[in-house]
Enquirer: 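Quick one: the structure is below, and I'll ask about it shortly.
Each chain gets a letter, A, B and so on, in the order its sequence line appears, and its residues count up from 1. All values below come from the heavy atoms of this structure, side chains included, with hydrogens, waters and symmetry mates left out.
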Amino acid sequence: MAERVGLSLRTVRYYEEAGLLTTAGRTPGGFRLYGDESVDRLMVIKKMKSLGFTLEEMRSLLSVRDELASSGIPDERRGELRELLRTWVVLAEEKLATLRAQAGVAEDFVIGLHTDADRSV
DNA sequence: TTTCTCACA
DNA sequence: TGTGAGAA
């Protein structure tokens with residue numbers, strides 16, 4: 001699984017210990033078994049990580065996702081979960097706005113360096 | 001090659 | 001928030 005998603009073995013196990021990942025059981029010898037949903041989860045985790053979300057935040061979002069995907073949820077609870085998901089959308093959009101602003105700074109900086117370089121010829 | 005645990009940053 | 005090392 002670590003190889004599939006491009007994480008170290010230690011990291012994948014650490015995420016399990018941190019409650020972000022559930023194994024689909026073990027072999028008789030104790031080896032971890034992973035299902036396809038583990039790939040999904042790890043992709044979400046990787047993206048959130050790169051955006052600077054904490055493990056706790058990942059846990060939070062993943063649990064909402066899980067519950068929403070489970071069956072037999074009362075409509076009222078469903079509404080709550082949808083609402084929670086919307087707050088995550090907002091948080092992600094905030095990250096996006098911050099990064100865009102940073103990209104703008106980087107762009108200006110590079111342009112400035114180019115003009116410096118050109119002038120110094 | 002895996003697992004777990006303890007230490008370390 | 002991870003990683004390294006040792007032992008089983």
Enquirer: Side-chain N or O of A:R10 versus OP1/OP2 of B:dC4: is the shortest distance under 4.0 Å?
Expert: no

Enquirer: Does any part of the side chain of A:M1, heavy atoms only, come nearer than 4.5 Å to the side chain of A:L21, both counted from C-beta?
Expert: no

Enquirer: Could you check A:V44 against A:M48 for side chain to side chain contact (heavy atoms under 4.5 Å, CB included), going step by step and ending with a plain yes or no?
Expert: CA-CA 6 Å; A:V44 171; A:M48 290 185 80; 3.9 Å; yes

Enquirer: Closest to the A:Y14 side chain: C:dT1, B:dC4, B:dT2?
Expert: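 So the side chain of A:Y14 is nearest to C:dT1.
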
Enquirer: What is the distance from CG of A:L20 to C1' of C:dG2, rounded to the nearest Å?
Expert: 13 Å

Enquirer: For the pair A:R78 (side chain) and A:L68 (backbone), establish whether a donor and an acceptor sit closer than 3.5 Å, ignoring hydrogens and angles.
Expert: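 Side chain of A:R78 to backbone of A:L68, a donor-acceptor pair under 3.5 Å: yes, one is there.
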
Enquirer: For DNA chain C, find the residues of residues 45-56 of chain A with a heavy-atom distance under 4.0 Å and give them by number; none if there aren't any.
Expert: A:K49, A:T54, A:L55

Enquirer: Measure the distance from CG on A:L33 to P on B:dT2 and round it to the nearest whole Å.
Expert: 13 Å

Enquirer: Of all heavy-atom pairs between A:M58 and A:F53, which one has the smallest distance, and what is that distance?
Expert: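 So the minimum-distance heavy-atom pair works out to CE-O, 3.4 Å.
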
Enquirer: Measure from the side chain of A:Y15, starting at C-beta and using heavy atoms only, and say which of B:dT5, B:dT2, C:dG2 lies closest.
Expert: C:dG2

Enquirer: Do the side-chain N or O atoms of A:R13 get closer than 4.0 angstrom to the phosphate oxygens (OP1, OP2) of C:dG4?
Expert: no

Enquirer: Which residues pass the side chain to side chain donor-acceptor pair (under 3.5 Å) test with A:R100, not counting sequence neighbours?
Expert: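 A:R100 satisfies side chain to side chain donor-acceptor pair (under 3.5 Å) with no other residue.
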
Enquirer: Measuring from the side chain of A:L9 (C-beta onward, heavy atoms only), which nucleotide among B:dT3, B:dC6, B:dT2 has the closest atom?
Expert: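 Among the listed nucleotides, the one closest to the side chain of A:L9 is B:dT2.
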
Enquirer: Expressed as a whole number of angstroms, how long is the span from A:E16:CD to B:dT5:P?
Expert: 12 Å

Enquirer: Rounded to whole Å, how long is the line connecting atom CE of A:M58 with atom P of C:dG2?
Expert: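 Distance, rounded to whole Å: 7 Å.
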
Enquirer: Taking only Lys NZ, Arg NE, NH1 and NH2, and the carboxylate oxygens of Asp or Glu, determine whether A:R59 and A:E56 approach each other closer than 4.0 Å.
Expert: no

